Protein chains: 2
Amino acid sequence: MTRIAVGERRALLVRAALRVIAETGVSGASTRAIVAEAGMSLASFHYAFRSHDEMMRELVAHVVEAESRVAFAALRPGDDIRAMLREALHAFLGYVVADPEHERVMQELVQYCLRTPGMQSLAREQYDSYYRAVSELLVEGATAAGISWTVPLADLARLVVTTTDGVTLAYLVDRDAAAATRVLDRAADNLAALAVPLAAVLAPARSVAALAVPSTGSVRS
Amino acid sequence: MTRIAVGERRALLVRAALRVIAETGVSGASTRAIVAEAGMSLASFHYAFRSHDEMMRELVAHVVEAESRVAFAALRPGDDIRAMLREALHAFLGYVVADPEHERVMQELVQYCLRTPGMQSLAREQYDSYYRAVSELLVEGATAAGISWTVPLADLARLVVTTTDGVTLAYLVDRDAAAATRVLDRAADNLAALAVPLAAVLAPARSVAALAVPSTGSVRS
DNA sequence: AAGTAAGTGGGACAACTGTCCCAGACGATC
DNA sequence: GATCGTCTGGGACAGTTGTCCCACTTACTT
């Protein structure tokens with residue numbers, strides 16, 4: 001029909017592919033299904049992309065980029081670190097509940113990358129970007145609430161991502177938002193327990209006990 | 001070649017299918033790939049199973065049954081609840097590290113059930129059996145350690161499964177066993193903090209503070 | 001020993017997959 | 001207005017998929 005620039009066509013195809021994946025899974029995202037969804041012809045697909053594989057790579061890259069930009073953006077700073085964590089995690093859950101299919105697609109794409117030769121690095125990048133985003137969030141939250149973390153930031157970020165991943169998976173299975181909320185609240189409590197007021201750090205003589213790290217395991221990465 | 005009873009043939013095919021899935025993913029588990037792995041002919045497949053779909057259902061059912069039987073069996077009772085949780089979670093991680101592909105297959109099968117019409121219930125059953133197994137474990141551990149949980153058992157079980165799921169996923173992505181161990185240790189600490197000595201329950205006057213539930217959210221399911 | 005049911009092998013089917021090619025139509029440049 | 005590179009549509013390809021069918025062999029029953 002109308003002429004479309006290659007770049008835009010690639011973007012359109014990627015978006016169409018994401019829609020198809022949401023409906024029928026990665027295995028259902030054939031070139032024909034994608035071009036049908038996008039309202040194009042097969043030739044247009046192979047004009048825009050060298051191969052189906054190349055398209056999937058671009059799709060994953062696009063998704064990672066978009067995800068790490070939006071995922072944990074809803075942070076409202078405050079002086080109560082527990083309330084802040086709670087709110088952030090609730091925001092995340094709200095995101096999942098609002099569009100569960102999207103989250104299912106994300107998880108399926110991770111699996112896809114893990115099992116596709118030459119794509120494992122993409123999965124790792126995806127998680128690295130998650131860890132980075134959460135780390136930033138935790139630092140911002142800490143300064144806003146005037147606290148300091150008693151655990152290495154990397155471990156903390158991993159703990160958060162682990163929790164959100166697990167909660168997401170469980171929600172996708174039984175769609176029990178109430179139970180998911182309860183788990184997240186518990187997680188927020190546990191995370192908040194790993195924070196210590198900055199005052200205690202500046203004047204350690206006042207409350208040494210508060211700095212006693214509850215863990216007995218290894219702490220450094 | 002030799003004659004095999006239908007029942008056994010079904011089991012052989014399911015095992016072969018699991019091997020194929022471990023290598024090439026669910027999408028690669030075609031009837032031909034499966035019978036090739038099992039060393040049979042196509043006709044044998046459709047003699048044992050009405051369809052590929054029926055075989056997948058039996059595979060998932062088999063896997064759920066086997067998983068819930070083995071998964072959390074390595075519990076060594078003791079009087080220190082935290083050490084016990086730690087040991088159990090480490091045992092789980094050891095299981096994952098020893099055979100990551102198996103765990104990857106499990107997660108992929110969950111995704112497969114979630115996206116396949118008429119199979120969502122299987123995913124739910126899978127998780128129900130997990131929750132049941134973990135609940136039993138938590139009860140046994142509590143009696144062995146002489147403690148009581150300050151949180152509904154169902155929430156606790158969900159929290160544990162959420163954690164193990166998340167840790168597994170993260171491990172599958174970056175294969176960082178040390179980081180996974182640290183997260184699990186942290187989780188064990190957090191779980192142990194939700195326990196209270198039975199003595200305190202029997203004689204509440206002695207330490208009322210210990211019973212003060214740290215959560216402020218909803219508690220009942 | 002004959003008959004019957006259970007199990008086996010190979011070939012065929014239609015539908016689908018990713019990829020490619022070629023005849024054409026469009027837009028801008030000379 | 002002719003020309004050239006950019007883009008489009010339809011058709012074709014070889015390969016794979018799930019399923020089915022029919023001739024065949026084996027084991028057990030009577």
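A quick note: this is a predicted structure, and the numbers were derived from the prediction, not measured. Order of the sequence lines fixes the chain letters, A, B, ..., with proteins taken first and strands second; residue numbering starts at 1 for each chain.
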Nearest-angstrom distance from the residue atom [atom1] of [X] to [atom2] of [N]:
X: Glu8(B); N: dA6(C); atom1: CD; atom2: C1'; result: 15 Å
X: Glu54(B); N: dT19(D); atom1: CD; atom2: P; result: 10 Å
X: Ile34(B); N: dT19(D); atom1: CD1; atom2: C1'; result: 14 Å
X: Tyr47(A); N: dC26(C); atom1: OH; atom2: P; result: 16 Å

Check the interface with nucleotides 17-20 of chain C: list each N/O to N/O pair with the protein under 3.5 Å, or write none.
{"from": "dT17(C)", "atom 1": "OP1", "to": "Ser30(A)", "atom 2": "OG", "distance (Å)": "3.1"}
{"from": "dG18(C)", "atom 1": "OP1", "to": "Thr31(A)", "atom 2": "N", "distance (Å)": "3.3"}
{"from": "dG18(C)", "atom 1": "OP2", "to": "Thr31(A)", "atom 2": "N", "distance (Å)": "2.8"}
{"from": "dG18(C)", "atom 1": "OP2", "to": "Thr31(A)", "atom 2": "OG1", "distance (Å)": "2.6"}
{"from": "dG18(C)", "atom 1": "N7", "to": "Arg32(A)", "atom 2": "NH1", "distance (Å)": "2.6"}
{"from": "dG18(C)", "atom 1": "O6", "to": "Arg32(A)", "atom 2": "NH2", "distance (Å)": "2.8"}
{"from": "dT19(C)", "atom 1": "OP2", "to": "His46(A)", "atom 2": "NE2", "distance (Å)": "3.3"}
{"from": "dT19(C)", "atom 1": "OP2", "to": "His52(A)", "atom 2": "N", "distance (Å)": "2.7"}

By side chain to side chain contact (heavy atoms under 4.5 Å, CB included), which residues pair with Glu125(B), not counting sequence neighbours?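 By the side chain to side chain contact (heavy atoms under 4.5 Å, CB included) rule, Glu125(B) matches Leu122(B).
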Item to check | Residues in side chain to side chain contact (heavy atoms under 4.5 Å, CB included) contact with Ala83(B), at least two apart in sequence or another chain | outcome: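 With neighbours one apart ignored, the set is Asp80(B).
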* Asked: Quick check, are the ring centers of Tyr130(B) and Tyr127(B) under 6.0 angstrom apart?
  ->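 Yes.
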Does the distance from a Lys or Arg side-chain N to an Asp or Glu carboxylate O, for [X] and [Y], drop under 4.0 Å?
X: Glu108(B); Y: Arg115(A); result: yes
X: Asp53(A); Y: Arg57(A); result: yes
X: Arg175(A); Y: Glu101(A); result: yes

